[in-house]
Chemist: 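Below you'll find the structure I mean.
Letters A, B, ... are given to chains in the order of the sequence lines, protein chains preceding strands, and every chain is numbered from 1.
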Amino acid sequence: MSTAVIGVENLCFQYQAVEVLTDISFEIAAGDYVGLVGPNGSGKTTLVRAILGVARPLTGKIALFGQALDQFQDWHKVGYLPQKLGGFNPNFPATVREVASLGLIARKSFPIRLDRTDQRAVDRALERLGIADIGQKLIGELSGGQQQRALIARAIVGDPELIILDEPSAALDPESREHFFTILRDLNRNSRVTMILVTHDMGTIGQYANKLLYIDRKIIFYGGFDEFCRSENMTALFGEGAQHIICHRHVA
Amino acid sequence: MDILDYLQYGFIQRALIAGCFVGLLCSCLGVLLVLRRLSLIGDGLAHVTFGSVAIGMVFNIYPLYVSIPVVMLSSLGILRLTEKARIYGDAAIGVVSSLGIAGGVILASVAGGFNVDLFSYLFGNILAVSDTEVVISIVLSLLVLLLIYLYYHELFSITFDEEFARASGVRTGKINAMLVLLTAVTVVLAMNVVGILLVSALLILPAVTALQLARGFAHAILIAALTGVCAVVGGVFGSLMLNLPTGATIVMVNLLFFLAALGGKVFIAKYRSLN
């Protein structure tokens, strides 16, 4: 496989004998901002979980940063925001700082100890997300939007080279959303952090992503956003008028 | 008799030393188990301990030597059933737990029925712990606490969000196996303190007390540890002064701590809402 940030080759995934993903192959290069879209049940989250090694595919090869997934050790290069905000117990006694610091453990070797440099990294991440003032609050005491920001802080605190976000803006209010996507754009443009953004919000994809991966159990389209906007797929997948909503906001 | 007078007796010193180490251990692990919704694993493994004690008695082997490996294997069995047989953790605990109890009853029956020794394991007798048992309790407690200290961040990560932990490179399978193995050792050690029937109380009560008050994960473990140790000390002296069974008194002191923490939390919430 090449040294793309992500390389997926002939990936098939079955869940209880039902084929969820069929013959998926693509590569994502460093610095790409990829919008991963598709209808409900199309396999987006399954694909993300397979890439992260959380779910085991039936067949196929996955490589991260040029290394086969089962050999991959550099997990500090990957930041991840899972889909379910409610994936954790809301009464969990963890402060925002403690949650954010979990994003640093992939950088550490055994036995893991967090030093002052790590604490400063947590400070920076919380400040960046505008939640430095609630660092000592319990995660369960926060609003959905604040919880989401704490989890985003966890995803970016380790300065990853690849960030995978699964429906990240669902719990955010419009102002926080704008702020959040600006942070992601800056990371992508200034630090060349590769982004994969799973979302249903085509407007957001149009505004920020430079590539689109559209799947519905198999790849329907993968390529540059401009190419997608000019293709027949555009109208076929999203209907008349979608051009305005999706492509109008895209700034190449 | 004054409280300090009790301390001159060797059996009370041994009970306090072994009890405090085991109480500390149960409390720290309890926080992890309760937050992972594995609270009842203590109960399930305690039932297996009953079966393993019966094996020891039938074959005339010191029960602790049989219980530790058997309960450790059973804890891995629970984990395996959850992963491979696609059944929920509570059902897997139920399967292994019923096997332990049924096996124990059959073995005890084959060996000529229940005797006083088996009942002493069911209800515990901390005042009868031997020097050897104290040493075993200290050594194993220190070992388990050291592992919790070394793997603190990994344990915190899988307890908070297992999927994220896996995506951070944490070997969740290994950490989960370690957690259930540590629980197995802890349950066997706690058997002497409160008895098989009340082991889960020693794991759960300090943890749920801490969860009422804690302002962070590390804070929760610290509060649980303090609660667990204080309950053992309070329970040992309380039982001596009131002439009550020690294991059950330790559990009742733990329950009082929990009710006080819960009451305090409700009171503070109401006070804040009024102001």
Side-chain angles (χ1 to χ4, degrees), chain A residues 16 45 48-49 51-56 64 72-89 91-99 101-114 118 135-141 150-151 154-155 157-158 160 162 164 166, chain B residues 30-39 83-84 86 145-175 178 206-224 261-262 265 268-269 272:
Chain A
Q16 291 181 346
T45 296
V48 163
R49 295 179 84 234
I51 289 170
L52 292 165
V54 176
R56 191 174 286 273
L64 291 177
F72 186 71
Q73 297 290 323
D74 303 328
W75 288 103
H76 63 273
K77 291 182 176 178
V78 182
Y80 173 47
L81 179 68
Q83 182 184 30
K84 286 182 289 178
L85 183 61
F88 64 89
N89 174 0
N91 297 316
F92 199 100
T95 62
V96 170
R97 283 193 73 83
E98 285 179 321
V99 170
S101 69
L102 287 174
L104 290 167
I105 66 173
R107 285 196 163 274
K108 299 284 177 177
S109 50
F110 178 81
I112 296 170
R113 289 289 165 259
L114 300 182
D118 299 318
Q136 295 304 329
K137 280 209 164 196
L138 294 182
I139 190 94
E141 293 173 351
L151 298 183
R154 179 182 68 169
V157 68
L162 163 68
I164 301 176
D166 197 350
Chain B
V31 172
L32 300 168
L33 296 173
V34 167
L35 287 171
R36 299 206 68 197
R37 297 182 176 133
L38 283 171
S39 309
E83 288 166 0
K84 300 291 174 191
R86 288 190 178 166
L145 289 169
L146 178 70
L147 286 171
I148 293 174
Y149 173 75
L150 291 175
Y151 286 95
Y152 171 81
H153 289 280
E154 288 91 335
L155 287 165
F156 174 32
S157 188
I158 62 161
T159 306
F160 182 71
D161 182 348
E162 185 160 350
E163 185 162 315
F164 180 86
R166 286 173 80 171
S168 305
V170 174
R171 292 179 180 172
T172 53
K174 187 178 118 183
I175 300 293
M178 187 182 80
V208 292
T209 303
L211 294 182
Q212 307 308 313
L213 308 168
R215 302 296 305 168
F217 186 69
H219 195 208
I221 291 186
L222 187 68
I223 294 176
L262 186 63
K265 188 183 173 185
I268 289 168
R272 279 188 182 154

Chemist: Nearest 0.5 angstrom please: R166(B) CZ to L52(A) CG, how far?
Modeler: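 Separation between the atoms: 10.5 Å.
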
Chemist: Tell me, please, which residues at least two apart from P93(A) pass side chain to side chain contact (heavy atoms under 4.5 Å, CB included).
Modeler: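 Counting only residues at least two positions away or on another chain, P93(A) forms a side chain to side chain contact (heavy atoms under 4.5 Å, CB included) with L35(B), L211(B), A214(B), A220(B).
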
Chemist: Checking L102(A) against chain B: side chain, backbone, both or neither under 4.5 Å from a heavy atom?
Modeler: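 Interface part for L102(A): both.
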
Chemist: Work out which heavy atom in Y80(A) is nearest to a heavy atom in A167(B); give both atom names and the distance.
Modeler: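 Heavy atoms only, the tightest pair is CD2-CB, 3.7 Å.
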
Chemist: Check each atom of F72(A) against the heavy atoms of chain B and say whether the ones under 4.5 Å are side chain, backbone, both or neither.
Modeler: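 It is neither, since no heavy atom gets under 4.5 Å.
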
Chemist: Can you tell me how far the CD1 atom of I105(A) sits from the CZ atom of F156(B), to the nearest 0.5 Å?
Modeler: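 With rounding to 0.5 Å, CD1 (I105(A)) is 9.0 Å from CZ (F156(B)).
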
Chemist: Evaluate the ring planes of F217(B) and F92(A), with Trp represented by its six-membered ring, and classify them as parallel (under 30°), tilted (30 to 60°) or perpendicular (over 60°).
Modeler: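 Taking F92(A) first and then F217(B), their aromatic rings lie parallel (interplane angle under 30°).
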
Chemist: Give a yes or no answer on whether the side chain of E98(A) reaches the backbone of A218(B) with a donor-acceptor pair at less than 3.5 Å.
Modeler: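 It does hold such a pair.
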
Chemist: Taking the side chain as everything from C-beta on, heavy atoms only, tell me whether F164(B) gets closer than 4.5 Å to L151(A).
Modeler: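 With C-beta onward as the side chain, the pair stays apart.
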
Chemist: Can you see which heavy atom on G216(B) is nearest to which on T95(A), and at what distance?
Modeler: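 Closest heavy-atom pair between G216(B) and T95(A): CA-CG2, 3.9 Å.
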
Chemist: Kindly give the heavy-atom pair with the smallest separation between F160(B) and V99(A), and that separation in Å.
Modeler: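 Smallest interatomic distance, heavy atoms only, reads CZ-CG2, 3.7 Å.
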
Chemist: Need one label for V170(B): side chain, backbone, both or neither, based on atoms under 4.5 Å from any heavy atom in chain A.
Modeler: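 Side chain only.
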
Chemist: Using non-hydrogen atoms and a 4.5 Å limit, figure out which bit of T159(B) sits close to chain A: side chain, backbone, both or neither.
Modeler: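 Looking at T159(B), backbone and side chain both touch chain A.
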
Chemist: Just to verify, what does R171(B) make a side chain to side chain donor-acceptor pair (under 3.5 Å) with, not counting sequence neighbours?
Modeler: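 For R171(B) there are no side chain to side chain donor-acceptor pair (under 3.5 Å) partners, ignoring immediate neighbours.
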
Chemist: Quick check on the interface: out of K108(A), R49(A), R113(A), H76(A), who has the most heavy-atom pairs with chain B under 4.5 Å?
Modeler: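 When all of K108(A), R49(A), R113(A), H76(A) are compared, R113(A) has the most.
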
Chemist: Side chains of R215(B) and E141(A): does their closest heavy-atom pair fall under 4.5 Å?
Modeler: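 Yes. Closest side-chain heavy atoms under 4.5 Å.
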
Chemist: Picking from H153(B), E162(B), H219(B), which has the most non-hydrogen pairs under 4.5 angstrom with chain A?
Modeler: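 Highest number of heavy-atom pairs under 4.5 Å: H153(B).
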
Chemist: Relative to chain B, which segment of R107(A) carries a heavy atom at a distance below 4.5 Å: side chain, backbone, both, or neither?
Modeler: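 For R107(A), there is no contact with chain B at all, as no heavy atom is under 4.5 Å.
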
Chemist: Can you tell which part of Y149(B) gets under 4.5 Å to a heavy atom of chain A, answering side chain, backbone, both or neither?
Modeler: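 Its backbone and side chain both get close to chain A.
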
